[in-house]
Amino acid sequence: MRLMTFLTGAAMVAAPEAFAEGDPAAGEKSFRKCMVCHQIGPEAENKTGPVLTGVVGRPAGSVDGFAYSKAMTEAAAGGLVWTEESLAGFLENPRKAMPGTKMSFPGIRKPEEIADLIAYLGTFAPAAGGEAATPAAGG
């Protein structure tokens, strides 16, 4: 419950309207920081982190074949869904948002950069059956 409260509170600080206004092109540049551990797109595979295709709106801890941390598994069991708001809270400071996460990334401090990154992630929707697909329209 503490995790969900933090993620919700952090999202409110990050100005929810900013997500809709995020710039996917700028977010694509920010995603370069993520590429060390994550892949996105139709041919994406799990690496150190899970595939991020379709992450916006996806239940946490739900990528087949990825070994999640106990913290992520517990958050998933508690019903965490990666909404724009919950992603914003997590991306700002993953270890503070979810103590025990495997994600070693220190976080993104600028709300605009978080909004851009989430806008980019949102251009990649899962195909029917949950499989990776090409970017959604506009991405």
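Heavy-atom basis, side chains included; hydrogens, waters and symmetry copies ignored. In this chain, numbering begins with 1 at the start of the sequence shown.
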Exercise. For side chain to side chain contact (heavy atoms under 4.5 Å, CB included), just list the numbers for V56 and F124, CA-CA rounded to whole Å, side-chain angles, deciding distance to a tenth of an Å, and then say yes or no.
Key: CA-CA 8 Å; V56 179; F124 290 87; over 6 Å; no

Quiz item: Which heavy atom in T53 sits nearest to a heavy atom in A44, and how many Å separate them?
Solution: OG1-CB, 4.0 Å

Quiz item: Is any side-chain heavy atom of Q39 closer than 4.5 Å to a side-chain heavy atom of N46?
Solution: no

Quiz item: What pair of heavy atoms forms the shortest contact from A88 to I118, and how long is it?
Solution: N-CD1, 3.7 Å

Quiz prompt | CD-CG distance between E84 and L121, expressed to the nearest 0.5 angstrom | solution = 10.0 Å

Quiz item: Between D116 and A26, which heavy-atom pair has the shortest distance, and what is it?
Solution: OD2-CB, 3.4 Å

Quiz item: Which pair of heavy atoms, one from S62 and one from R58, lies closest together, and at what distance?
Solution: OG-CG, 3.2 Å

Quiz item: For S86 and T83, which heavy atoms make the closest approach, and how far apart are they?
Solution: OG-N, 2.9 Å

Please output the side-chain donor-acceptor pairs of residues 67-76 that fall under 3.5 Å, not counting sequence neighbours, one pair per line with the distance.
unit_1	atom_1	unit_2	atom_2	d
Y68	OH	V63	N	3.1
S69	OG	M72	N	3.1
T73	OG1	S69	O	2.9

Quiz item: Can you name the side-chain contact (heavy atoms from CB on, under 4.5 Å) partners of T48, sequence neighbours left out?
Solution: C37

Exercise. Give every residue pair that meets the ring pair (Phe, Tyr, Trp, His ring centres under 6.0 Å) criterion with at least one member in residues 29-52, sequence neighbours excluded.
Key: F31-Y120

Exercise. Identify whether V55 and V36 are in the same connected component of the hydrophobic contact network (ILVMFWY, side-chain heavy atoms under 4.5 Å).
Key: no

Exercise. Check whether any side-chain heavy atom of I40 sits under 4.5 Å from a side-chain heavy atom of V51, and report yes or no.
Key: no

Quiz item: Applying salt bridge (Lys or Arg N to Asp or Glu O under 4.0 Å), which residue pairs with at least one partner in residues 44-57 are found, sequence neighbours left out?
Solution: none

Quiz prompt | Partner residues of A25 under the side-chain contact (heavy atoms from CB on, under 4.5 Å) criterion, sequence neighbours left out | solution = D23

Quiz item: With E113, which residues qualify under salt bridge (charged side-chain N to carboxylate O under 4.0 Å, His left out), at least two apart?
Solution: K33

Contacts table for residues 105-112: side-chain donor-acceptor under 3.5 angstrom, sequence neighbours left out:
unit_1	atom_1	unit_2	atom_2	d
R109	NH1	E92	O	2.4
R109	NH1	P106	O	3.4
R109	NH2	P106	O	3.3

